[in-house]
*Asks:* 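After the structure tokens below, expect a handful of questions from me.
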Amino acid sequence: MRLFVSEGAPGSLPVLAAAGRAQGREELLISTVGPEECVVPFLTRPKVPVLQLDSGNYLFSTSAICRYFFLLSGWEQDDLTNQWLEWEATELQPALSAALYYLVVQGKKGEDVLGPVRRALTHIDHSLSRRSCPFLAGETESLADIVLWGALYPLLQDPAYLPEELGALHSWFQTLSSQEPCQRAAETVLKQQGVLAFRPYLQKQPLPSSFEGRAVSNEPEEEELATLSEEEIAMAVTAWEKGLGSLPPLRPQQNPVLPVAGERNVLITSALPYVNNVPHLGNIIGCVLSADVFARYSRLRQWNTLYLCGTDEYGTATETKAMEEGLTPQEICDKYHAIHANIYRWFNISFDIFGRTTTPQQTKITQDIFQRLLTRGFVFQDTVEQLRCEHCARFLADRFVEGVCPFCGYEEARGDQCDKCGKLINAIELKKPQCKVCRSCPVVKSSQHLFLDLPKLEKRLEEWLGKTLPGSDWTPNARFIIRSWLRDGLKPRCITRDLKWGTPVPLEGFEDKVFYVWFDATIGYVSITANYTDQWERWWKNPEQVNLYQFMAKDNVPFHGLVFPCSALGAEDNYTLVNHLIATEYLNYEDGKFSKSRGVGVFGDMAQDTGIPADIWRFYLLYIRPEGQDSAFSWTDMLLKNNSELLNNLGNFINRAGMFVSKFFGGCVPEMVLTPDDRRLLAHVTLELQHYHQLLEKVRIREALRSILTISRHGNQYIQVNEPWKRIKGSEADRQRAGTVTGLAVNIAALLSVMLQPYMPTVSATIQAQLQLPAPACSILLTNFLCTLPAGHQIGTVSPLFQKLENDQIESLRQRFGGGQLEESLELKAKAPPKPAVVEAMATAGPQQIQVLTDEVTKQGNIVRELKAQKADKNQVAAEVAKLLDLKKQLALAEGKPLETPKGKKKK
């Protein structure tokens with residue numbers, strides 16, 4: 001074997017460290033080459049490091065070379081390591097490239113350097129802290145540790161860029177840096193020059209593609225354009241010249257949409273939101289908005305697409321909410337289904353169906369799957385130790401219980417799952433359990449229940465995953481979650497609950513029970529389709545012809561990737577199973593979590609009251625979509641992205657292109673005589689368009705959005721360099737050049753309007769109306785850049801697309817959604833006519849318990865009054881008011897009284 005490295009190449013660090021670990025396993029020759037020497041004969045650009053194997057084959061990515069050395073050492077691959085490697089390639093490397101460019105080439109320091117990588121460093125620190133392990137994948141050093149250490153070392157070897165508050169990251173980095181293979185690698189590459197050792201190499205490299213801090217230059221990017229071959233340029237020009245004539249006929253619209261033999265049939269679902277609450281921005285980006293982007297993209301590709309969703313209406317959460325609001329479960333479902341539908345309508349979510357799970361079809365299909373599982377021996381009865389509230393005189397379903405998580409110690413874990421660590425919990429495992437209704441301590445008693453025998457189905461699941469996962473677009477976190485469940489061995493899962501509101505269990509002796517919501521909720525996709533068309537089986541019992549994409553947050557992965565597939569496989573009824581499971585991480589709000597009770601964060605029904613259009617919300621949420629790691633909504637960042645990317649970049653380019661046509665050419669697209677530079681630009685835009693397609697086909701939604709902004713930047717640069725506003729006043733040749741630049745620019749604007757359609761549909765339609773883009777070009781997006789606005793085409797009236805967000809406007813919204821809206825909502829509730837409360841009949845508490853609650857209410861009331869008298873921070877006051885209202889609710893329930901509507905302030 002021969003390893004080629006280059007002096008000052010950052011990628012040499014991890015491969016030399018990995019080679020050091022495998023020393024002696026095979027003979028290795030290390031050669032130093034110049035940064036411009038092309039070692040791999042079939043690559044168009046020089047690339048180092050490179051490992052030439054004895055077979056003559058080449059490995060030329062850092063992680064692939066390191067993996068090879070680790071495999072030589074007997075290392076066994078695991079999913080968590082693979083997830084880290086994907087994250088390093090897609091998230092860490094682009095940020096590090098920008099940071100190192102700032103530091104080494106531009107000589108910047110401090111936050112200018114640390115800023116691009118701070119979020120990535122925090123992610124590593126949090127992951128190490130959460131797992132309480134010294135290394136990224138467990139107790140021992142893995143491939144992930146060496147690859148990430150090598151990537152980070154050029155920056156973090158200077159203590160100024162290793163934040164002290166990131167203690168776990170600090171310890172991990174120091175541990176690896178002290179190991180002999182890593183020390184030798186650092187000495188070999190840095191040669192006692194520190195970070196300056198990288199300068200000669202980095203100065204010869206192209207500008208990092210994710211380098212967002214660059215200024216708009218007046219010179220074309222010759223470095224990038226020069227990499228295009230003559231063949232690529234010629235192909236791009238040929239496609240451009242074919243124009244609208246190369247568009248295929250539009251697919252005829254169906255109603256209902258049904259699979260068509262021989263076509264690509266795409267079935268898209270987004271996780272069914274619980275009907276008991278209002279979705280916040282994290283819920284929206286995690287499910288419906290991400291799925292909507294892919295559904296709109298699928299339709300642009302002329303794929304036969306059905307996108308469905310609906311409200312998940314059965315279960316404990318609904319009963320709890322009904323009790324809180326003094327309504328029946330059905331009334332709660334009706335109320336919140338309408339709220340959800342209105343929110344998604346405002347966000348312009350393009351469902352083909354938005355249904356519900358409280359339907360006869362849901363009962364029929366769920367009971368059929370259950371009966372098939374029962375007759376095949378995959379369901380058994382067992383006695384369950386369950387929590388029973390003696391005060392409420394009933395068994396407590398999971399969500400009627402709260403307590404301390406037995407795994408991570410989180411104090412508000414639910415009886416079915418911990419929101420902090422994500423682990424599933426049996427309610428009796430909770431420490432210090434409390435009944436959510438009356439706050440008394442429940443006791444453990446026995447109850448008969450039905451179980452899905454997952455161990456019997458495990459082999460079928462493994463076989464199905466073995467066929468499905470290779471070549472699929474399951475996200476790394478989804479693969480990891482399912483594999484971790486299988487690694488621990490599947491356990492039988494209880495599928496019934498002691499509730500009234502749910503799908504009835506069709507079995508003698510279980511008439512007073514219903515199916516556990518996570519047994520039948522995923523069947524909701526099927527029943528919602530059955531309510532849409534009586535030919536639903538053509539979608540759901542047709543795995544040979546249907547491609548199923550399911551979108552969700554990562555906490556829903558076990559139910560979609562394991563519980564439902566096991567149920568369907570056991571039912572043996574040829575059900576369509578998920579081909580591509582797309583799971584996001586979590587979206588946080590500023591520095592914390594969304595909380596309706598504390599009035600923190602933007603919820604779906606509030607976004608429309610901010611004065612910010614729905615498309616701006618869509619853009620920003622998709623821009624920060626938590627694909628590889630948790631991300632956070634930030635008002636400041638939203639302002640920056642709106643004003644820089646939308647207003648100054650995208651909006652500026654499209655408006656200028658259209659205005660030049662109107663102002664200089666009477667609204668008529670001019671003749672275009674392409675120069676070699678124009679032809680190269682056509683090819684460059686074509687390549688970026690193809691990259692956009694590649695990313696969206698892999699459901700990498702956030703990255704594909706960057707391609708739109710990149711094309712827009714190239715368009716701005718093209719206009720800036722060619723200055724058509726000056727040339728139009730010059731000679732005949734200058735005027736012709738102004739016409740070509742304007743015509744090409746307005747066609748790029750037309751292309752962007754179509755690429756933008758999945759992300760910002762209203763803005764997309766506005767651009768298309770302004771440019772009078774022909775109808776076929778609005779509905780189809782090919783992989784080539786076409787001339788869709790030929791010479792002579794008359795455009796419409798052009799006007800600005802975006803408005804600037806002002807600092808004071810954003811600061812006001814930050815204050816309002818940092819807890820300030822809690823008081824507003826209380827005032828609104830006070831104005832609403834009170835509804836009679838409906839509470840379940842229960843025995844009243846004893847005098848002693850009532851007295852304790854009365855004292856607590858008095859004490860909390862005094863706290864609130866004192867805070868208001870001191871004019872304390874309104875967020876603090878709001879939090880204490882929420883506690884007071886909760887105590888009053890407990891007291892009313894204990895006394896057997898109907899719940900009162902909270903009193904609000906009177907406006908002065």
Side-chain angles (χ1 to χ4, degrees), residues 3 10-26 28 49 51 59 61-93 95-96 117 120-157 162 166-186 189 421 469 474-488 554 585 628-629:
L3 178 63
S12 301
L13 273 165
V15 299
L16 288 172
R21 291 179 82 264
Q23 197 169 18
R25 305 279 176 175
E26 282 194 28
L28 177 68
L51 180 64
L59 300 178
S61 79
T62 299
S63 60
I65 297 171
C66 291
R67 184 191 299 273
Y68 187 87
F69 286 131
F70 265 73
L71 290 171
L72 285 179
S73 305
W75 170 76
E76 292 185 4
Q77 299 190 51
D78 63 274
D79 290 338
L80 182 54
T81 296
N82 290 335
Q83 180 173 285
W84 274 114
L85 294 178
E86 291 206 34
W87 177 82
E88 186 268 348
T90 58
E91 296 287 333
L92 181 60
Q93 275 299 341
L96 268 175
V117 293
L121 298 181
T122 303
H123 172 65
I124 299 170
D125 181 79
H126 286 179
S127 298
L128 290 165
S129 301
R130 188 168 60 245
R131 290 174 56 83
S132 300
C133 294
F135 297 100
L136 295 172
E139 296 295 330
T140 56
E141 173 191 320
S142 73
L143 169 62
D145 295 289
I146 292 298
V147 171
L148 266 72
W149 171 85
L152 291 166
Y153 190 87
L155 186 65
L156 300 192
Q157 50 94 25
L162 185 52
L166 304 182
L169 173 65
H170 196 281
S171 175
W172 169 83
F173 183 73
Q174 295 300 335
T175 299
L176 288 166
S177 298
S178 64
Q179 294 184 2
E180 188 176 347
C182 295
Q183 284 183 338
R184 285 205 306 268
V189 175
C421 69
L469 290 180
W474 280 50
T475 50
N477 56 356
R479 293 170 187 260
F480 171 71
I481 289 167
I482 294 302
R483 284 299 176 198
S484 65
W485 273 60
L486 289 168
R487 187 172 57 244
D488 297 337
K554 62 182 177 184
E585 301 292 321
Q629 65 184 95

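We use all heavy atoms of the structure for the numbers below, so side chains are in, but hydrogens, waters and symmetry mates are not.
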*Asks:* CD of Gln83 to CG of Asn477: how many Å apart, nearest 0.5 Å?
*Replies:* 6.0 Å
*Asks:* Nearest 0.5 Å please: distance from the CD1 atom of Ile65 over to the OH atom of Tyr68.
*Replies:* 11.5 Å
*Asks:* Taking all heavy atoms of Ala19 and all of Leu28, pick out the closest pair and write down the distance.
*Replies:* CB-CD2, 3.8 Å
*Asks:* Among Leu85, Leu71, Leu16, Leu143, which one satisfies side chain to side chain contact (heavy atoms under 4.5 Å, CB included) with Cys66?
*Replies:* Leu143
*Asks:* Any side-chain heavy atom of Pro10 sitting closer than 4.5 Å to one from Val189?
*Replies:* no
*Asks:* Once salt bridge (charged side-chain N to carboxylate O under 4.0 Å, His left out) is applied, do any residues pair with Arg479, and if so which ones, sequence neighbours excluded?
*Replies:* none
*Asks:* Check Leu176 against Cys182 and note the closest heavy-atom contact, atom names and distance.
*Replies:* O-CB, 3.2 Å
*Asks:* Side chains of Leu156 and Gln174: closer than 4.5 Å at any heavy-atom pair?
*Replies:* no
*Asks:* Look at the side chain of Ser171 and the backbone N and O of Ala168, then say whether any donor-acceptor pair between them is shorter than 3.5 Å.
*Replies:* no
*Asks:* For residues Gln629 and His126, determine if any side-chain heavy atom of one lies less than 4.5 Å from a side-chain heavy atom of the other.
*Replies:* no
*Asks:* Looking at CG of Leu162 and CG of Leu155, how far apart are the two atoms once the value is rounded to the nearest 0.5 Å?
*Replies:* 9.0 Å
*Asks:* Once you round to the nearest 0.5 Å, how far does CG of Leu72 lie from CZ of Arg67?
*Replies:* 13.0 Å
*Asks:* Please report the closest heavy-atom contact between Pro181 and Ala17, naming both atoms and the distance.
*Replies:* CB-O, 3.5 Å
*Asks:* Taking all non-hydrogen atoms of both residues, which atom of Glu86 and which atom of Pro476 are closest, and how far apart?
*Replies:* OE1-CG, 3.4 Å
*Asks:* Quick test of your reading: applying salt bridge (charged side-chain N to carboxylate O under 4.0 Å, His left out), list the pairs with at least one residue in residues 166-183, sequence neighbours left out, ordered by first then second residue.
*Replies:* Glu180-Arg184
*Asks:* Do Leu51 and Phe69 have side chains that approach each other closer than 4.5 Å (heavy atoms only, starting at C-beta)?
*Replies:* yes
*Asks:* What pair of heavy atoms forms the shortest contact from Ala151 to Gln93, and how long is it?
*Replies:* CB-NE2, 3.5 Å
*Asks:* Kindly indicate whether the side chain of Leu166, heavy atoms from C-beta on, has any atom under 4.5 Å from the side chain of Trp172.
*Replies:* no
*Asks:* Determine, stepwise, if the pair Ser142 / Asp145 fulfils side chain to side chain donor-acceptor pair (under 3.5 Å).
*Replies:* CA-CA 5 Å; Ser142 73; Asp145 295 289; 3.1 Å; yes
*Asks:* On a heavy-atom basis, which atom in Leu92 and which in Ala120 lie closest, and how many Å separate them?
*Replies:* CD1-CB, 3.8 Å
*Asks:* Could you tell me if the side chain of Trp149 sits less than 4.5 Å from the side chain of Leu13, heavy atoms only?
*Replies:* yes
*Asks:* How long is the span from the CH2 atom in Trp84 to the OG atom in Ser127, to the nearest 0.5 Å?
*Replies:* 3.5 Å
*Asks:* Roughly how far apart are Ile482 CD1 and Leu469 CG, rounded to 0.5 Å?
*Replies:* 9.0 Å
*Asks:* Report yes if the side chains of Leu152 and Leu121 come closer than 4.5 Å at any heavy-atom pair, otherwise no.
*Replies:* yes
*Asks:* Picking from Leu148, Leu136, Asn82, what satisfies side chain to side chain contact (heavy atoms under 4.5 Å, CB included) with Trp87?
*Replies:* Leu148
*Asks:* Is there a side-chain contact between Ser177 and Tyr153 in this structure, where contact means two heavy atoms from C-beta onward sitting under 4.5 Å apart?
*Replies:* yes
